[in-house]
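Note that these values count all heavy atoms, side chains included, but never hydrogens, waters or copies made by symmetry. Because the structure is predicted, anything quoted here is derived from the model rather than measured.
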Amino acid sequence: MTGPHPAGDWQPHTVVTDELVDPAAVRAVATLFDDDLPVPGVGDPLPPLWHWAALPRWAASSELSVDGHPFRGSFLPPVELPRRMFAGGSVRFPGVIAVGEVVRRSSTVESVTEKHGRSGRLVVVVVSTVLSTSDGAVAVRETQNLVYREAATPTAAPVAPDEAAGLVPAGPPLVPAGRHRWDFRTDPTLLMRFSAATANAHRIHYDWPYATRVEGYPGLVVHGPLMTMALAQTHRLVADGSRIAALTHRSSKPLFCADRAQLVYTATPDGARAELLGPGGDAAGAHSVVDLSFA
């Protein structure tokens with residue numbers, strides 16, 4: 001899983017690139033959510049977290065490991081554990097990125113920490129990213145926490161993909177289900193489209209045999225960034241006019257394709273909280289949470 005990069009040679013380093021906020025990529029996100037909100041055009045502010053799709057990083061085919069991610073040991077450390085989880089992070093928005101402009105992205109690995117949890121050995125990798133506009137002003141400061149775990153051994157036969165997702169596309173992923181509440185519907189086409197939009201070739205999101213037989217999941221895994229972006233999108237749907245100044249997000253357990261789920265948006269004294277509830281509903285706790293603060 002570590003590819004051709006010797007573990008002893010790896011050192012954290014900063015990668016700096018200048019990248020276009022492509023209007024076509026922004027339209028791709030808007031069509032994916034399909035929620036009747038206006039599509040941001042050239043010159044419009046980029047919605048919070050949409051930089052994950054508007055600034056995708058496509059790795060060359062020769063750089064991909066067996067799981068679909070780039071070989072570890074180049075930018076990311078050569079962690080040997082096979083399961084990778086988007087566990088959470090924080091994002092501040094001191095400025096605004098406009099669709100169609102060129103931004104400078106600077107990314108570095110801040111820390112690599114080995115731990116032992118209930119599920120065994122794990123490694124936490126913290127990555128920081130700064131996005132700056134053409135005049136040098138910082139628009140986004142972000143920290144992401146990536147967790148690597150040991151593979152699981154399936155304890156029961158996985159659910160067949162046609163049983164899990166049916167043969168009928170789920171339609172728009174966010175469907176109103178009450179005041180500040182939406183059903184969150186996923187199917188394999190949504191996961192494929194989001195993988196393409198974000199340049200994410202991780203096979204657990206589209207390769208059912210790999211997800212179930214190699215990494216031990218019961219089905220296709222819904223992307224952590226997709227859940228997080230959908231939660232942030234609820235603020236746009238509420239449309240209270242406030243601008244998000246910062247947010248924190250965390251994912252505590254996976255959601256599987258076609259599982260029943262809801263998004264719930266609640267005002268708080270410090271801003272707002274958006275939660276993704278899985279098949280167990282409120283009693284089972286949230287799979288993913290985003291806490292928002294406003295300018």
Side-chain angles (χ1 to χ4, degrees), residues 29 33 35 37 45-55 84-97 107 110-111 113 115 117 122 124-131 138-147 173-184 186 194 198 221-255 259 261-295:
V29 179
F33 282 126
D35 52 17
L37 291 177
L46 187 70
L49 300 185
W50 283 34
H51 64 278
W52 291 347
L55 301 170
R84 172 172 162 171
M85 177 183 176
F86 181 82
S90 62
V91 191
R92 289 189 290 137
F93 304 96
V96 176
I97 294 174
S107 299
E110 293 286 350
S111 64
T113 307
K115 299 182 179 182
L122 56 89
V124 181
V125 178
V126 178
V127 179
S128 67
T129 297
V130 175
L131 300 179
V138 174
V140 176
R141 291 189 183 275
E142 176 175 13
T143 299
Q144 288 187 3
N145 304 322
L146 306 176
V147 175
L174 278 65
V175 179
R179 177 173 169 76
H180 295 177
R181 185 178 287 258
W182 299 262
D183 289 333
F184 183 58
T186 59
F194 189 79
T198 54
V221 182
V222 179
H223 312 66
L226 173 56
M227 294 192 291
T228 304
M229 286 182 69
L231 288 169
Q233 188 73 354
T234 62
H235 176 67
R236 297 185 70 216
L237 291 167
V238 169
D240 68 356
S242 55
R243 188 182 80 84
I244 296 175
L247 62 82
T248 59
H249 58 94
R250 64 183 184 276
S251 297
S252 56
K253 47 189 171 182
L255 181 73
D259 275 356
Q262 281 200 331
L263 310 180
V264 181
Y265 181 96
T266 307
T268 66
D270 298 322
R273 166 169 286 192
E275 298 176 284
L276 189 151
L277 306 175
D282 297 72
H287 287 241
S288 188
V289 176
V290 171
D291 287 306
L292 309 169
S293 60
F294 305 124

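By the 4.5 Å heavy-atom criterion applied to side chains, L37 and Q233 are counted as neighbours. The side-chain heavy atoms of W182 and D35, taken from C-beta on, include no pair separated by under 4.5 Å. Under the 4.5 Å side-chain criterion, counting only non-hydrogen atoms from C-beta, S242 is in contact with H235. Looking at D240 and Y265, their side chains come closer than 4.5 Å, going by heavy atoms from C-beta outward. Contact of the L131 side chain with the L55 side chain is registered, since non-hydrogen atoms from C-beta on lie closer than 4.5 Å.
In plain terms, the two heavy atoms of A245 and A295 that are nearest each other are CB-N, 3.6 Å. S90 and T248 make their closest contact through CB-CG2, 4.0 Å (heavy atoms, listed as atom of the first residue, atom of the second, distance). Nearest heavy-atom pair, A286 versus K253, reported as atom, atom and distance to 0.1 Å: O-CE, 3.8 Å.
In this structure, F93 and H51 have perpendicular ring planes: the angle between them is above 60°, well past the 30° mark. The aromatic rings of F86 and W52 sit perpendicular to each other, their planes meeting at more than 60°, with 30° as the lower class boundary.
Using a distance-only test at 3.5 Å, with no hydrogens or angles considered, no donor-acceptor pair links the side chain of H180 to the main chain of A267. With S288 contributing its side chain and H249 its backbone, the two residues share no donor-acceptor pair below 3.5 Å.
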> For M227 and L255, what are the C-alpha separation, side-chain angles and deciding distance, and is it a side-chain contact (heavy atoms from CB on, under 4.5 Å)?
Replying inline: CA-CA 9 Å; M227 294 192 291; L255 181 73; 3.7 Å; yes
> When you look at F184 and H287, which way does the ring pair (Phe, Tyr, Trp, His ring centres under 6.0 Å) test go after all the steps?
Replying inline: CA-CA 12 Å; F184 183 58; H287 287 241; over 10 Å; no
>> Run the side-chain contact (heavy atoms from CB on, under 4.5 Å) test on T186 and F194 for me, step by step, so that the C-alpha distance in whole Å, both residues' side-chain angles and the decisive distance to 0.1 Å come before the verdict.
In response: CA-CA 11 Å; T186 59; F194 189 79; over 6 Å; no
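Atom CG in L174 sits 11.0 Å away from atom CD in Q262 (nearest 0.5 Å). Between atom CG of residue L292 and atom CZ of residue R243 there is a gap of 12.5 Å, rounded to the nearest 0.5 Å. Distance check: L49 CG to L247 CG gives 5.0 Å after rounding to the nearest 0.5 Å.
Annotation: R236, atom CZ; neighbour count of heavy atoms from other residues, nucleotides and ligands within 6.0 Å is above 12.
Residues satisfying the side chain to side chain donor-acceptor pair (under 3.5 Å) test with Q144, not counting sequence neighbours, are E142.
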Pair up each side-chain donor or acceptor in residues 270-284 with any protein partner under 3.5 Å, not counting sequence neighbours, and list the distances.
unit_1: R273; atom_1: NE; unit_2: D291; atom_2: OD1; d: 2.7
unit_1: R273; atom_1: NH2; unit_2: D291; atom_2: OD1; d: 3.3
unit_1: R273; atom_1: NH2; unit_2: D291; atom_2: OD2; d: 3.0

